[in-house]
There are 2 protein chains.
Amino acid sequence: MKLSQFFLPTLKEVPSDAQIASHRLMLRAGMIRQTSAGIYAWLPLGLRVLRRIEQIVREEQNRAGAIELLMPTIQSADLWRESGRYDDYGDEMLRITDRHQRDMLFGPTNEEMITDIFRHAVRSYRDLPRNLYHIQWKFRDEIRPRFGVMRGREFLMKDAYSFDLDAAGARRSYNRMFVAYLKSFARMGLKAIPMAADTGPIGGDLSHEFIILAETGESEVFCHADYLARDWAGDVDYEADLQPLIDGLTALYAATDEKHDAAKFAAEVPEDKRRSARGIEVGHIFYFGTKYSEPMGAVVAGPDGNDIAVEMGSYGIGVSRLVGAIIEASHDDNGIIWPASVAPFDLGLINLKPGDDTVDEQCALLYAQLQAAGRDVLYDDRDERAGAKFATMDLIGLPWQLIVGPKGVKAGTVELKNRATGERLELPPAAAIERLLA
Amino acid sequence: MKLSQFFLPTLKEVPSDAQIASHRLMLRAGMIRQTSAGIYAWLPLGLRVLRRIEQIVREEQNRAGAIELLMPTIQSADLWRESGRYDDYGDEMLRITDRHQRDMLFGPTNEEMITDIFRHAVRSYRDLPRNLYHIQWKFRDEIRPRFGVMRGREFLMKDAYSFDLDAAGARRSYNRMFVAYLKSFARMGLKAIPMAADTGPIGGDLSHEFIILAETGESEVFCHADYLARDWAGDVDYEADLQPLIDGLTALYAATDEKHDAAKFAAEVPEDKRRSARGIEVGHIFYFGTKYSEPMGAVVAGPDGNDIAVEMGSYGIGVSRLVGAIIEASHDDNGIIWPASVAPFDLGLINLKPGDDTVDEQCALLYAQLQAAGRDVLYDDRDERAGAKFATMDLIGLPWQLIVGPKGVKAGTVELKNRATGERLELPPAAAIERLLA
């Protein structure tokens with residue numbers, strides 16, 4: 001993509017109402033624009049990151065055996081009356097009346113709707129287990145939306161729902177999501193720590209939040225320092241019993257402030273390993289048994305022919321929130337530093353002297369070679385000062401910058417800069433390509 | 001994907017309230033489920049088709065130089081008051097009041113919002129032309145939603161918006177979209193005919209609808225029969241002047257009933273070439289000049305430094321509607337017949353005797369080989385009668401069926417069935433693979 005033809009409205013001023021780094025940087029880098037309080041348009045650069053995160057989440061959900069569908073944003077209030085949550089949910093639910101005076105709402109979550117779909121589709125225990133998920137825009141009418149996409153009103157969430165015949169099966173489904181979450185966040189370059197959590201308005205017996213540590217986190221968390229040294233990646237056999245793995249992963253102390261037990265923390269964690277920090281929730285999983293299936297009649301015929309209310313869990317990842325969370329975890333004074341797995345482009349190609357034939361030719365050649373090799377390149381071909389180009393590239397945080405100027409072209413070199421480390425190399429163009437494609 | 005682990009709730013009964021083939025077939029094939037009047041959940045099979053259509057639209061938009069972003073579903077009423085459309089739009093607009101008593105709405109289209117984004121981002125004529133698009137859920141509160149996804153209330157639309165310095169530039173942008181639309185529909189196996197159209201509530205001077213012919217179309221259309229023999233595919237240079245191409249493409253008579261001129265039709269079209277038929281609108285493009293930029297102050301500094309209100313057009317494709325439209329154009333008594341380009345899977349693999357070791361092994365081998373070659377396979381490994389399996393495969397309409405039974409395995413053959421032609425071939429497994437990968 002040539003920057004001269006792209007749509008990247010970066011801001012020079014630091015927006016005064018943006019209190020945290022991710023919000024400031026997303027506005028400055030032209031990733032988002034607020035269209036109403038807590039509601040954002042995703043400009044082209046931001047949308048690219050959002051889609052890459054969404055795709056990682058999708059791949060890991062599929063790998064864990066979950067099946068994608070897509071539920072609508074607008075729901076009937078009647079379903080929520082069946083579960084009893086319509087009155088409970090309060091002012092955060094965006095309530096709507098349609099032209100026929102029917103009560104509708106913009107879904108903040110989908111337990112009721114998926115239970116309704118399930119009960120009309122599945123009749124037999126032989127069709128279990130199932131885990132159905134979607135990635136869809138939700139709305140929660142926050143009283144004070146703030147922190148940009150971290151606490152917006154319209155937000156993109158992946159929510160999965162598992163259906164099992166019994167509690168043991170439900171635990172297996174829960175465990176699969178638990179592991180899939182760790183793998184998803186690890187692929188995004190995040191160290192997400194699973195912490196026992198309260199269940200809140202979703203309800204249920206068992207729940208974990210996945211928390212990343214960042215100074216601007218919304219809540220205080222407490223954990224054993226060894227969590228931060230863990231590598232959560234690695235292959236997993238989802239058909240195996242995952243309980244021993246999860247027991248190992250959760251053996252050390254980690255708790256949100258709601259669940260924190262100071263005495264236990266002191267007893268279990270050596271003093272030099274105790275960490276208290278601010279945390280950002282990026283995922284939340286719940287096992288809630290028959291809380292929805294019972295009142296809504298989501299039953300299957302069991303092996304003996306008798307109806308059994310299915311055991312359910314739900315599993316959320318804040319896809320749009322993750323864009324902000326990754327920036328909170330990875331930026332410096334000059335801008336964003338994207339992990340390669342979610343970067344909006346693989347690299348930026350900077351032409352220091354557009355109009356100079358030799359530089360233009362060298363850039364055109366590199367651009368074509370890198371694109372042919374499948375790399376997503378943002379080519380800054382604008383007629384701008386070098387300083388402005390460097391500042392823009394640092395701000396938007398692509399992993400690599402390939403810099404081409406008249407002196408280098410004369411000497412047969414280009415410059416390759418690593419955004420994260422700041423390392424700069426003078427190389428012949430072919431060597432730079434080799435390095436970028438390695 | 002193994003069907004035993006998929007979520008495909010097919011219906012045996014023909015739903016009584018579904019009046020047209022696509023609605024009946026989408027319900028029967030387990031592609032969608034209605035969750036409220038005119039609002040549908042996209043079940044896994046339906047979502048796969050929706051995503052493939054969306055991706056074709058995206059690729060052709062990108063190829064034509066449009067840039068993707070994503071605007072939110074919920075908009076502020078204030079923007080619509082600026083353009084004067086808030087009061088005009090009527091009951092089809094889903095109006096919402098948030099917890100702070102602010103007037104909001106679920107966007108039925110995005111002229112106002114994109115104009116707002118543009119006016120805050122672009123200041124100079126040098127940043128023109130631009131064409132920005134998104135693919136997002138819209139809501140129109142139809143008084144009588146019907147025909148399934150063909151006239152639903154919540155629907156997925158691609159809408160693009162072009163910004164140019166003058167009318168000639170705007171015409172070039174219009175022409176690029178015109179050609180991109182013909183290419184998009186052709187890739188989906190549709191013969192879409194461009195017809196001069198009224199502009200309706202979008203407004204403007206120039207407009208074309210893209211219409212496919214189907215018995216269940218919502219309106220009557222009139223055209224020269226030669227349109228139906230045209231091949232709209234083929235490469236296009238979007239940098240070239242497309243006007244001569246478009247003049248050629250629109251030289252023959254074609255009009256919706258609103259624009260139909262019986263005398264002109266009779267004069268221009270030989271009697272044996274006159275076609276009147278029902279048509280389904282799958283795309284609609286508009287050039288409306290400064291209708292929004294003028295009242296909303298979307299101006300750029302021109303070459304002489306004076307402000308110029310930008311010339312705009314908008315370009316819509318009904319992505320979710322296309323799923324129904326393609327079925328209307330391609331089905332038979334047994335079910336759907338997907339064009340390969342939008343099929344939810346490339347083929348169905350039918351195991352006629354699960355539990356028979358030799359058949360299971362042969363199926364497992366074919367399944368692995370086809371997946372390794374990048375084919376999306378739906379493997380019917382269920383313990384079901386052969387008749388039920390054939391009926392399901394015909395209903396869901398995958399382009400190919402690969403049928404493996406004990407007799408064939410003994411004889412060293414499998415059966416390959418083409419869904420569209422009904423042609424059946426007995427082949428050695430390796431030859432079947434070769435045919436499928438050709």
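Lettering follows sequence order; numbering is per chain, from 1.
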Should [X] and [Y] count as side-chain neighbours, where that means a heavy-atom distance under 4.5 Å?
X	Y	result
Phe106(A)	Ile96(B)	no
Met104(A)	Ile39(B)	yes
Glu92(A)	Arg99(B)	yes
Arg126(A)	Asp383(B)	no

Query raised in the report: Within the side chain of Arg130(A), is there an N or O that forms a donor-acceptor pair under 3.5 Å with the backbone of Phe7(B)?
Result: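 Not confirmed, Arg130(A) side chain does not pair with Phe7(B) backbone.
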
Query raised in the report: Are any side-chain N or O atoms of His100(A) and backbone N or O atoms of Ile143(B), one a donor and one an acceptor, separated by less than 3.5 Å?
Result: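 Judged by distance alone, yes, a pair lies under 3.5 Å.
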
In terms of heavy-atom proximity below 4.5 Å to chain A, should [X] be classed as side chain, backbone, both, or neither?
X	answer
Ile117(B)	both
Met71(B)	both
Thr10(B)	neither
His134(B)	neither
Gln136(B)	side chain
Glu142(B)	backbone

Query - Contact class of Phe6(A) relative to chain B, heavy atoms under 4.5 angstrom - result: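 Both backbone and side chain.
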
Query raised in the report: Is it the backbone or the side chain of Leu69(A) that comes under 4.5 Å from a heavy atom of chain B, or both, or neither?
Result: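 Both parts, backbone and side chain.
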
Query raised in the report: How many angstroms lie between atom CD of Glu68(A) and atom CZ of Arg48(B), to the nearest 0.5 angstrom?
Result: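 It comes to 9.0 Å.
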
Query raised in the report: How long is the span from the CG atom in Leu70(A) to the CZ atom in Arg51(B), to the nearest 0.5 Å?
Result: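 Those atoms lie 5.5 Å apart.
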
Requested in this report: Identify the heavy atoms of Glu154(B) and Ile74(A) that sit nearest to each other, and give their distance.
Outcome: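 The pair with the smallest heavy-atom distance is OE1-N, 3.0 Å.
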
For chain B, which of [options] has the most heavy-atom pairs under 4.5 Å?
options	result
Leu43(A), Leu132(A), Leu50(A)	Leu132(A)
Asp116(A), Ile67(A), Asp78(A)	Ile67(A)
Pro9(A), Pro44(A), Pro72(A), Ser36(A)	Pro72(A)

Query raised in the report: Are Arg153(A) and Asp98(B) ion-paired here, with the side-chain N under 4.0 Å from a carboxylate O?
Result: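 A salt bridge is present here (some side-chain N lies under 4.0 Å from a carboxylate O).
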
Requested in this report: Say whether Gln75(A) and Thr35(B), considering side chains only, have a donor N or O and an acceptor N or O under 3.5 Å apart.
Outcome: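 No.
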
